[in-house]
Amino acid sequence: MNYNKRNPTFSFRVEYNDRIKLDKLAKIDKISTNEFARKIITMYLKNELIKNTEDLQKEKIKLQIEKLKAEIKYAQIKNTYFENFNQPMSRRAEIQIKPQIIEQKQVFQNPQSPYDASNKRLQCIDCGSLFCWYSESEFNSQLAEFQRHLVAKHDRAKTEIEREVLIDLKYEGDSR
Ligand SMILES: [Zn+2]
């Protein structure tokens, strides 16, 4: 068997947004997008791709339900107050009982997220190692460093949440 037969080429079209995402992921791994796509397919065929987006989805739904429950409770308290005192609750009291509805992306709030938004830094969820940056270029190298750490120190692939964080995370300033 010659080289071409042993290593056939493969090409296909993908959706624009998928391409953008693939480019980003490949950049993180410091390989070409083509090479990255090849890696995914190879991993899938070797059964090395883990599907855990389903768990994340369940977690999101759970949080949405909790948020709704809190909002219903808030409305109930306001109604009861009105019924009992025949006047609406003061603005100040309303603010006090209003549930803290956080609109930030859930992925950064997940306890499994390695990103510490208040200090603008990454922390390994396995060993607690910190990855800080004091410039935008350092931010980029720390993202790569963090991923190298997972492989070198813990010999594991990124979790779904770590992956999402690395894709979505943008330089917002230096670490504290
Ligand atoms: Zn670690």
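Scope of the values below: all heavy atoms of this structure, side chains included, with no hydrogens, waters or symmetry mates. As the structure is a prediction and not an experimental result, all values here were calculated from the model. Order of appearance sets the numbers: ligands from 1, and atoms from 1 within every ligand.
Partners of D126 according to the salt bridge (charged side-chain N to carboxylate O under 4.0 Å, His left out) rule, which considers only residues two or more places apart in sequence or in another chain, are R156.
F139 and W133 have perpendicular rings, their planes meeting at more than 60° on a 0 to 90° scale where under 30° would count as parallel.
Here the side chains of R121 and Y115 are not in contact, with every heavy-atom distance at 4.5 Å or above.
Applying the salt bridge (Lys or Arg N to Asp or Glu O under 4.0 Å) rule to pairs touching residues 1-14 yields nothing, sequence neighbours excluded. Applying the salt bridge (Lys or Arg N to Asp or Glu O under 4.0 Å) test to every pair with at least one member in residues 127-151, sequence neighbours left out, gives these pairs: E145-R148.
At a cut-off of 2.8 Å, measuring from the Zn ion (ligand 1), the protein N, O or S atoms that fall short of it are C124 SG, C127 SG, H149 NE2, H154 NE2, waters left aside.
Around atom CD of E172, more than 12 heavy atoms belonging to other residues, nucleotides or ligands sit under 6.0 Å away.
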